[in-house]
Undergrad: 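Can you keep this structure in mind? I'll have questions shortly.
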There are 2 protein chains.
Amino acid sequence: MFQTAKQTKVFQDVVEQIQQAILDGRLKTGDILPAERELKAMFNISRGTLREALRVLEQKGLIEIKLGIGGGSVVKAVDTEQISESLGLLIRSQKVSLNHLAEFREDVEGIVAAHAAVRSTQGDIQKLKLLLDQAQTCVKQGSSQRNAFIEIDKQIHMRLADITGNPIYTSVLHSIHDNIHRYYDKFLSMENRELQENYQDLCDLIQAVENGNVDLARKIAQRHVKRFNQYMKKREREEKVPKV
Amino acid sequence: MFQTAKQTKVFQDVVEQIQQAILDGRLKTGDILPAERELKAMFNISRGTLREALRVLEQKGLIEIKLGIGGGSVVKAVDTEQISESLGLLIRSQKVSLNHLAEFREDVEGIVAAHAAVRSTQGDIQKLKLLLDQAQTCVKQGSSQRNAFIEIDKQIHMRLADITGNPIYTSVLHSIHDNIHRYYDKFLSMENRELQENYQDLCDLIQAVENGNVDLARKIAQRHVKRFNQYMKKREREEKVPKV
DNA sequence: TATTTTATAATGGTCTAACCATTATAACCA
DNA sequence: TGGTTATAATGGTTAGACCATTATAAAATA
């Protein structure tokens with residue numbers, strides 16, 4: 001019936017107050033909080049306690065603490081960095097494997113492609129085709145441009161997520177890419193033939209999106225991601241799995 | 001070409017070292033770190049600096065700091081709490097709306113149901129049917145048991161996520177539920193008829209999963225979640241949207 | 001005058017050394 | 001035996017000092 005009464009911890013109260021001010025918009029992105037010695041006086045607490053509160057807010061991604069004169073606690077735009085970090089911890093603590101991440105990515109990219117096929121505008125398609133051109137340039141230069149190709153591939157996927165108009169997809173995809181990236185250097189082998197294959201995938205995918213062909217877009221996106229994953233799993237088997 | 005050289009901040013180094021020890025298993029869940037006055041000596045730093053580091057680790061979800069004798073910094077099992085919190089911040093900072101969350105949930109629940117239809121064992125189905133029985137009891141008692149029904153509904157969905165065998169689905173669904181929950185009290189209206197409808201959904205869903213009917217399972221799951229969302233949107237329109 | 005260098009001062013980062021608050025356990029008393 | 005009260009270990013907080021970083025202003029130099 002009753003809940004635990006208020007936390008007596010001073011620093012938590014401070015975290016709460018500043019967080020609330022940021023979330024209500026009383027503090028806006030880019031605003032600079034008063035200097036520590038002023039805040040300490042405003043809250044009537046010691047500087048150590050205040051700093052614990054600021055560190056928590058920093059870790060939550062709500063502020064960024066800058067050094068030197070002109071520095072201070074700057075209010076940040078809330079973004080997906082913390083979600084990525086937490087997902088990263090789950091992976092590194094072996095609660096989540098590469099296979100789990102790969103499967104999830106296949107599903108999410110499929111959904112994203114399906115929504116994009118319904119919602120894309122002509123302008124969206126043009127931007128995607130611009131990226132496709134860049135990808136083609138990489139492919140022509142062969143496997144030396146592997147990393148550049150992967151970067152463009154990522155941009156295309158992120159662009160599709162944006163087209164859905166739902167920022168959760170952008171956030172989730174961002175987190176997945178952040179965390180799968182660490183495996184690329186170790187496990188991803190892509191020779192010219194694979195580059196060519198993947199470039200073709202992307203062409204087909206964007207064509208399907210342009211045509212509004214929902215099911216095809218989903219299917220191609222999933223196949224494309226599956227291909228990436230298979231390259232990695234192959235290498236993973238060959239080299240055994242090291243600690244990340 | 002070069003990256004920023006090492007951070008000189010002492011507390012970050014401490015965070016790094018303890019985090020690393022936890023992630024590679026040198027510190028296990030339930031282990032208690034030495035007392036602050038010992039740690040301070042081990043790292044050869046001041047207590048204030050150490051405490052900033054511990055606060056960061058606490059916010060990351062890696063340790064829990066307990067008060068009093070027998071207390072201390074206890075290593076926690078990494079879980080999805082931080083992901084939920086970060087998603088919550090995104091929502092509360094109006095980067096993400098209820099509609100975005102609702103759409104994402106429909107998609108994810110669809111995928112989960114589809115995987116479950118392929119992977120469920122007889123034992124899984126039995127457990128699901130046990131939950132169904134409880135749901136039926138609630139429905140029979142009418143809308144007074146609305147909250148109990150919602151709780152069981154949630155358990156069924158979480159159970160399905162577990163059946164996929166991919167902890168990412170469990171984590172993601174957990175985060176969604178944590179964050180959509182705050183809307184229920186405000187927006188979710190469910191009379192007897194709606195309870196009945198939703199109970200039937202769940203029956204059909206579990207039947208489809210048992211039969212291994214992938215597409216049907218996905219479709220029913222999506223329809224079921226969509227229904228929930230529509231109840232909420234209806235109320236949201238009626239009552240206007242307040243700050244959460 | 002224009003540019004580089006150097007001092008200045010504001011700000012966060014760290015340290016020391018206390019004392020307060022909480023709580024499991026042990027000692028005590030009825 | 002069973003409840004109560006001290007004890008001591010541990011985190012929470014305070015105070016005041018000094019160090020490190022850095023944008024800006026002042027000074028030196030070309």
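In what follows, chains are A, B, ... by sequence order, proteins preceding strands, each numbered from 1. Because the structure is predicted, anything quoted here is derived from the model rather than measured.
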Undergrad: Could you give the NZ-to-P distance, from A:Lys9 to D:dG11, as a whole number of Å?
TA: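 It is 11 Å, rounded to the nearest whole Å.
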Undergrad: Residues two or more places apart in sequence or in another chain: which of them pass side chain to side chain donor-acceptor pair (under 3.5 Å) with A:Asn166?
TA: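 Residues passing side chain to side chain donor-acceptor pair (under 3.5 Å) with A:Asn166: B:Glu103.
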Undergrad: With sequence neighbours excluded, what pairs up with A:Lys95 under the side chain to side chain donor-acceptor pair (under 3.5 Å) test?
TA: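 Checked A:Lys95 against side chain to side chain donor-acceptor pair (under 3.5 Å); zero matches.
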Undergrad: Will you find, in the side chains of B:Glu16 and B:Gln12, an N or O donor that is under 3.5 Å from an N or O acceptor?
TA: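 Looking only at side-chain atoms, B:Gln12 and B:Glu16 do not form any donor-acceptor pair under 3.5 Å.
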Undergrad: At a heavy-atom distance below 4.0 Å, which nucleotide of DNA chain C is the first touched by chain B, and which is the last?
TA: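 In short, chain B contacts DNA chain C from C:dG13 to C:dA24.
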Undergrad: Near DNA chain D, counting only heavy atoms under 4.0 Å, which residues of residues 58-73 of chain A show up?
TA: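 Output list: A:Leu67, A:Gly68, A:Ile69.
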Undergrad: Taking only residues two or more places apart in sequence or in another chain, which ones pass side chain to side chain donor-acceptor pair (under 3.5 Å) with B:Thr29?
TA: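 Per chain and number, B:Thr29 pairs via side chain to side chain donor-acceptor pair (under 3.5 Å) with no residue.
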Undergrad: Given 3.5 Å as the limit, does a donor-acceptor pair link the side chain of B:Asp31 with the main chain of B:Lys28, or not?
TA: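 Yes.
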Undergrad: Just list the side-chain donor-acceptor pairs under 3.5 Å for residues 66-83 of chain A, sequence neighbours left out, or say none.
TA:
residue	atom	partner	partner atom	Å
A:Asp79	OD1	A:Glu81	N	3.1
A:Gln82	NE2	A:Gln59	O	3.3

Undergrad: Can a donor-acceptor pair be found between the side chains of A:Ser171 and A:His174 at a distance below 3.5 Å?
TA: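 Judged by distance alone, the side chains do not pair up.
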Undergrad: Show every ring-ring contact (aromatic ring centres under 6.0 Å, His included) that has at least one partner inside residues 21-74 of chain B, sequence neighbours left out.
TA: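 Every candidate ring-ring contact (aromatic ring centres under 6.0 Å, His included) pair involving residues 21-74 of chain B fails, so no pair, neighbours aside, qualifies.
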Undergrad: Under 3.5 Å, sequence neighbours excluded: what are the donor-acceptor pairs made by side chains of residues 123-134 of chain A?
TA:
residue	atom	partner	partner atom	Å
A:Asp124	OD2	A:Thr121	N	3.0
A:Asp124	OD2	A:Thr121	OG1	3.2
A:Lys129	NZ	A:Glu210	OE1	2.9

Undergrad: To the nearest 10 degrees, what angle separates the axes at the start and end of the helix from C:dT1-D:dA30 to C:dA30-D:dT1, five pairs each?
TA: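 One end axis against the other gives 10°.
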Undergrad: Could you work out, with ring pair (Phe, Tyr, Trp, His ring centres under 6.0 Å) as the rule, every residue matching B:Tyr169, not counting sequence neighbours?
TA: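 With sequence neighbours excluded, B:Tyr169 shows a ring pair (Phe, Tyr, Trp, His ring centres under 6.0 Å) to A:Phe104, B:His115, given in chain and number order.
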Undergrad: Considering only distance and modelled atom types, tabulate donor-acceptor pairs under 3.5 Å from the side chains of residues 32-41 of chain B, sequence neighbours left out.
TA:
residue	atom	partner	partner atom	Å
B:Glu36	OE1	B:Arg47	NE	2.8
B:Glu36	OE1	B:Arg47	NH2	3.0
B:Glu36	OE1	B:Arg51	NH1	3.3
B:Glu36	OE2	B:Arg51	NH1	2.9

Undergrad: Before accepting this row, confirm whether a basic side-chain N of the pair A:Arg55/A:Glu52 lies closer than 4.0 Å to the acidic partner's carboxylate O.
TA: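 The answer is no: the pair does not qualify as a salt bridge.
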Undergrad: Below 4.0 angstrom, which residues in residues 41-55 of chain B have at least one non-hydrogen atom near DNA chain D?
TA: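 Within residues 41-55 of chain B, the residues near DNA chain D are B:Arg47, B:Arg51, B:Arg55.
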